[in-house]
Student: 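To start, I am sharing the structure in question, which I have written as C-alpha cells.
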Amino acid sequence: MDSLGPRIKELRLEANLNKAALARRVGVSDVTISYWESGAIRQIGHERLVALAQALDCTLSRLLEGVGEHRPTPLPLRHKLPAPWQALAGSHIEVPRDLLPASRRQKWQRECYLLTPAPGDTFDFLSNHDLVAVAPTDSFRQPGLYLVEENSQLCVRRVSKREDEALQFSKQDDDAPYPAAPDTRLVGMLLARWQASSL
C-alpha cells in the first residue's frame, strides 16, 4: 500500500476530477484528499476506501493494488443499471466445476463475474456479504436464479419456463410465478452462491 497515494492521484486524474470534486463524492475535505495523495495520511478506513473506489469508478482491488494485479475482486451488485461488469472494470473469474451445484456442472465457455450485494441494496435470494458467480447472458439456459432487469432496475429472480415455453419469474417470498413484462430481460445467470457465516 506504499503507492496508494500516487495511485489515488492517478485514478483521480484519469476520472477527470479535481481534489474538491473527489472530496465531495467521498464525503471528506479536499485537504484530506491532498494528505492521502501525498502519503501524509497513510491509514484510510475501509468505509472511506470503498467510497473512494466508488467515487473513482474503479474496483477496490485496482485502488489498493494497481492494474497489474489480476486477483478477482467482487463487484458491487446494485439495483441501479447497468450490470456491474458493464459499469466497473472488473476481471472475470473461472469457477472450478466442482464448486458448482450438480445442475450447473456443464463447461461454461463464457465469462463469469464475482458479485456481492452493495451496502444498502438488498436482493431476493441473497444476503448481505454473500458472494455469487454470475455469467452474463440474455437467454434462458435452464431453470434457476437469474440477474434480471425489471422496471429499469436489477433484481434476482427464480426463472423457469411454462408449458407454452414462455418464461415465468418468481420472487423469494412469493410462490406465485408471474409472466415477463415487456421491459423484463435476463442479464445474467447465477452459477454459484457462497453465503457469509460466522466462524
Side-chain angles (χ1 to χ4, degrees), residues 1-95 111-124 126-136 138 147-156 183 185 187-188 190 193-196:
M1 271 204 5
D2 290 338
S3 59
L4 180 59
R7 194 170 306 113
I8 292 171
K9 182 176 182 176
E10 175 187 330
L11 291 168
R12 176 178 59 79
L13 295 174
E14 189 178 296
N16 292 321
L17 294 171
N18 60 32
K19 290 178 186 176
L22 179 58
R24 279 192 300 278
R25 288 184 178 189
V26 177
V28 297
S29 70
D30 53 341
V31 173
T32 300
I33 299 293
S34 294
Y35 286 155
W36 287 347
E37 289 182 356
S38 69
I41 296 178
R42 298 175 59 88
Q43 296 294 322
I44 304 173
H46 179 72
E47 281 184 29
R48 292 288 187 224
L49 286 171
V50 170
L52 193 54
Q54 289 173 348
L56 293 168
D57 197 26
C58 71
T59 63
L60 195 53
S61 173
R62 182 166 182 217
L63 175 64
L64 294 175
E65 300 163 358
V67 214
E69 294 292 325
H70 295 291
R71 282 182 260 161
T73 298
L75 297 173
L77 178 57
R78 295 186 172 81
H79 290 290
K80 185 179 175 186
L81 294 169
W85 53 88
Q86 296 168 330
L88 298 171
S91 58
H92 62 274
I93 61 169
E94 211 170 293
V95 179
E111 355 179 87
C112 181
Y113 294 90
L114 195 59
L115 308 180
T116 188
D121 282 303
T122 56
F123 290 85
D124 281 359
L126 301 179
S127 301
N128 290 341
H129 310 295
D130 280 0
L131 291 175
V132 289
V134 178
D138 58 1
L147 187 60
V148 174
E149 180 182 334
E150 192 176 80
N151 299 320
S152 300
Q153 287 195 328
L154 293 174
C155 57
V156 175
D183 68 340
R185 70 179 188 93
V187 177
L190 279 67
R193 176 181 65 182
W194 297 274
Q195 294 182 297

Student: Can you tell me how far the CG atom of L81 sits from the CD atom of Q153, to the nearest 0.5 Å?
Tutor: 8.0 Å
Student: Looking at side-chain heavy atoms only, is the closest gap between P84 and Y113 below 4.5 Å?
Tutor: no
Student: Taking the side chain as everything from C-beta on, heavy atoms only, tell me whether R48 gets closer than 4.5 Å to T32.
Tutor: no
Student: Name the one of L64, V28, L22 that satisfies side-chain contact (heavy atoms from CB on, under 4.5 Å) with L52?
Tutor: L22
Student: Look at atom NZ of K9 and say whether more than 12 heavy atoms of other residues, nucleotides or ligands are closer to it than 6.0 Å.
Tutor: no
Student: D130 and Q195: which non-hydrogen atoms are nearest, and at how many Å?
Tutor: OD1-CA, 3.2 Å
Student: Measure across W36 and I8 and return the closest heavy-atom pair with its distance rounded to 0.1 Å.
Tutor: CB-CD1, 3.9 Å
Student: Taking C-beta and beyond as the side chain, do L63 and L4 meet within less than 4.5 Å on heavy atoms?
Tutor: yes
Student: Mark yes or no for whether H79, through its side chain, and T122, through its backbone, hold a donor-acceptor pair below 3.5 Å.
Tutor: yes
Student: Can you measure from CG (L17) to CZ (R24) and round to the nearest 0.5 angstrom?
Tutor: 9.0 Å
Student: Looking at S127 and P117, what are the two nearest heavy atoms and their distance?
Tutor: O-CG, 3.6 Å
Student: Side chains of V132 and V156, heavy atoms from C-beta outward: is any pair under 4.5 Å?
Tutor: no
Student: Over all heavy atoms of both residues, which pair between L154 and A83 is shortest? Give the atoms and the distance, please.
Tutor: CD1-CA, 3.8 Å
Student: Does T116 use its side chain to pair, donor to acceptor, with the backbone of P76 at less than 3.5 Å?
Tutor: no
Student: Can you find a pair of side-chain heavy atoms, one from L11 and one from E14, that are under 4.5 Å apart?
Tutor: yes
Student: Sub-3.5 Å donor-acceptor pair from the side chain of N18 to the main-chain atoms of A20, do we have one?
Tutor: yes
Student: Within this structure, what is the CG-SG distance for the pair L77 and C155, rounded to the nearest 0.5 Å?
Tutor: 10.0 Å
Student: Measuring from R12:CZ to C58:SG, what's the distance to the nearest 0.5 Å?
Tutor: 13.5 Å
Student: Considering only heavy atoms from C-beta outward, does the side chain of L114 approach that of W194 to under 4.5 Å?
Tutor: yes
Student: Which heavy atom in R78 sits nearest to a heavy atom in A118, and how many Å separate them?
Tutor: CG-CB, 3.7 Å
Student: Heavy atoms only: give me the nearest D183-S152 pair and the separation to one decimal.
Tutor: OD2-N, 4.0 Å
Student: Determine yes or no for a side-chain-to-main-chain donor-acceptor pair under 3.5 angstrom, with R185 supplying the side chain and E149 the backbone.
Tutor: no
